[in-house]
Amino acid sequence: MPRIGKPTDLSNRILRLSLGSEATSRELRWMKEAIHEARPKISPTELDATLKSYVAQRAVGTPLAYVLVLDICTGTGCIPMLLSRTSRSPITAVGLDISEAAIDLAKENVTDAGLSDRIQIIGCDLFDEAFAQTVLSRATSQPGFDVITSNPPYIPQEEYDKLPPSVKHYEDSRALLGNREGSGETDGLSFYRRITDLISKEDLVRDGGVLAVEHGLGQSAAVQSIISNALGRRIRRLEAWKDQWEKERAVVAFL
């Protein structure tokens with residue numbers, strides 16, 4: 001693979017001055033990976049030219065591409081904040097919640113983290129009929145999101161009824177109960193059905209995007225089934241992710 005960014009390359013020298021040697025080396029590696037992923041058969045000459053173009057853009061502070069993230073039931077805002085801090089690509093994120101207390105807390109956390117220019121917190125009801133139009137009109141001028149994440153309420157009614165008073169009396173039931181009131185559902189999976197239904201009908205996620213949802217213990221197979229039934233052939237790959245205790249706690253769909 002051809003080398004770029006020799007000491008005599010002005011753009012590379014500027015990039016190293018602005019980002020530092022370690023960050024520059026990391027970005028160069030990401031650039032190469034991104035180019036090869038998009039164009040596996042690219043010639044060495046074209047690769048060199050494309051890399052130099054990317055370096056020139058970054059040297060003047062231009063981000064190469066933004067990944068647009070939608071976090072549903074954002075709570076404290078921890079998921080978009082984590083992605084903004086750790087992603088290899090620049091992140092623009094929108095966090096949604098129905099709870100005014102959660103919205104206020106998430107906004108405070110985003111401000112304290114210095115991420116107000118990258119993360120927008122919006123109050124919105126996932127089950128509102130105009131949800132997709134509201135989110136897309138307020139959050140982005142682009143056709144859909146690159147990534148949708150969610151750690152929604154997923155506790156079934158039967159389990160909720162058995163929770164100790166120390167939980168039920170002090171936690172907002174909307175943050176725990178996984179079934180929409182009046183839906184007649186009892187398995188705690190209403191939010192997953194709604195999210196996947198919106199993706200299938202409203203084009204909330206672009207082709208090549210990702211849906212990642214957390215779930216409760218023992219719910220992985222059911223959540224995978226919901227995603228598969230709703231999104232069908234759009235799914236390129238479906239994975240069950242485990243936590244540090246080797247328990248399946250998330251499902252990720254690559255679209």
Visitor: On a heavy-atom basis, which atom in Pro153 and which in Cys73 lie closest, and how many Å separate them?
Guide: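 Closest pair (atom of Pro153, atom of Cys73, distance): CD-SG, 3.9 Å.
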Visitor: Test your reading of the model: is there a side-chain donor-acceptor pair from Arg249 to the backbone of His215, 3.5 Å cut-off?
Guide: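 Yes.
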Visitor: Does a side chain donor of either Ser228 or Gln224 reach within less than 3.5 Å of an acceptor in the other side chain?
Guide: no
Visitor: Roughly how far, to the nearest 0.5 Å, is CD1 of Ile155 from CG of Leu176?
Guide: 4.5 Å
Visitor: Do Thr74 and Asp97 have side-chain atoms, one donor and one acceptor, less than 3.5 Å apart?
Guide: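 No - no donor-acceptor pair under 3.5 Å links their side chains.
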Visitor: Phe145 and side-chain contact (heavy atoms from CB on, under 4.5 Å): which single residue from Val69, Val210, Val135 fits?
Guide: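 Among Val69, Val210, Val135, the one that satisfies the side-chain contact (heavy atoms from CB on, under 4.5 Å) with Phe145 is Val135.
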Visitor: Any sub-3.5 Å donor-acceptor pair from Thr111's side-chain atoms to Lys107's backbone N or O?
Guide: yes
Visitor: What closest approach, in Å, do Thr149 and Val147 show between heavy atoms, and which atom pair accounts for it?
Guide: CG2-CG1, 3.8 Å
Visitor: What's the separation between atom CG in Leu70 and atom CG in Leu204, rounded to the nearest 0.5 Å?
Guide: 7.0 Å
Visitor: Do the non-hydrogen side-chain atoms of Leu163 and Glu171 ever get within less than 4.5 Å of each other?
Guide: no
Visitor: Closer than 3.5 angstrom, by distance alone: can the side chain of Asp146 be matched with the main-chain N or O of Gly209 as a donor-acceptor pair?
Guide: no
Visitor: With a 4.5 Å limit on heavy-atom distance, are the side chains of Val110 and Leu115 in contact?
Guide: yes
Visitor: In plain terms, say whether Arg193 and Asp197 are close enough for a salt bridge, that is, a side-chain N and a carboxylate O under 4.0 Å apart.
Guide: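 Between Asp197 and Arg193 there is no salt bridge, as every charged N stays at least 4.0 Å from the carboxylate O atoms.
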Visitor: Just so I know, are the side chains of Val94 and Ile122 near enough to count as touching, which here means a heavy-atom distance under 4.5 Å?
Guide: yes
Visitor: Measure the shortest side-chain to side-chain distance between Arg180 and Arg194 over non-hydrogen atoms and say whether it is less than 4.5 angstrom.
Guide: no
Visitor: Is the backbone N or O of Thr92 less than 3.5 Å from a side-chain atom of Arg118, with the two atoms forming a donor-acceptor pair by type?
Guide: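 Not confirmed, Arg118 side chain does not pair with Thr92 backbone.
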Visitor: Can you find a heavy atom in the side chain of Leu231 that is under 4.5 Å from one in the side chain of Ser200?
Guide: yes
Visitor: Grab the two heavy atoms, one from Met81 and one from Thr76, that are nearest each other, plus how far apart they are.
Guide: CE-O, 3.8 Å
Visitor: Considering all heavy atoms of both residues, which atom of Gly178 and which atom of Phe191 are nearest to each other, and what is their separation?
Guide: O-CD1, 3.7 Å
Visitor: Within the 4.5 Å heavy-atom criterion, are Leu211 and Thr196 side-chain neighbours or not?
Guide: yes
Visitor: Any donor-acceptor pair under 3.5 Å linking the side chain of Asp48 with the backbone of Pro44?
Guide: no
Visitor: Quick one: does Leu83's side chain get under 4.5 Å of Val67's, heavy atoms only?
Guide: no
Visitor: With side-chain contact (heavy atoms from CB on, under 4.5 Å) as the test, would you mind laying out the steps for Arg206 and Leu68 before giving the verdict?
Guide: CA-CA 10 Å; Arg206 304 174 195 165; Leu68 191 57; 3.9 Å; yes
Visitor: I need the single residue from Val252, Ile227, Asn151 that forms a side-chain contact (heavy atoms from CB on, under 4.5 Å) with Val213. Which is it?
Guide: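 It is Ile227; the other options fail the test.
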Visitor: For residues Tyr192 and Leu217: do they belong to one hydrophobic cluster (side chain heavy atoms under 4.5 Å, members Ile, Leu, Val, Met, Phe, Trp, Tyr)?
Guide: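 No.
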Visitor: Taking the side chain as every heavy atom from C-beta outward, state whether Ile199 and Arg234 have any pair of such atoms under 4.5 Å apart.
Guide: yes
Visitor: Establish whether Ile121 and Ile98 are linked, either directly or via other cluster members, by ILVMFWY side-chain heavy-atom contacts under 4.5 Å.
Guide: no
Visitor: Return the minimal non-hydrogen interatomic distance between Asp187 and Pro156, and the atom names on each side.
Guide: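 Minimum heavy-atom separation between Asp187 and Pro156: O-CG, 3.6 Å.
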Visitor: Please answer whether the main-chain N or O of Tyr154 pairs with a side-chain N or O of Gln219 as donor and acceptor at a distance below 3.5 Å.
Guide: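 The answer is yes, because a donor-acceptor pair under 3.5 Å joins these two groups.
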Visitor: Indicate the atoms forming the closest heavy-atom contact of Cys124 with Leu96, along with that distance.
Guide: CB-CD2, 4.4 Å
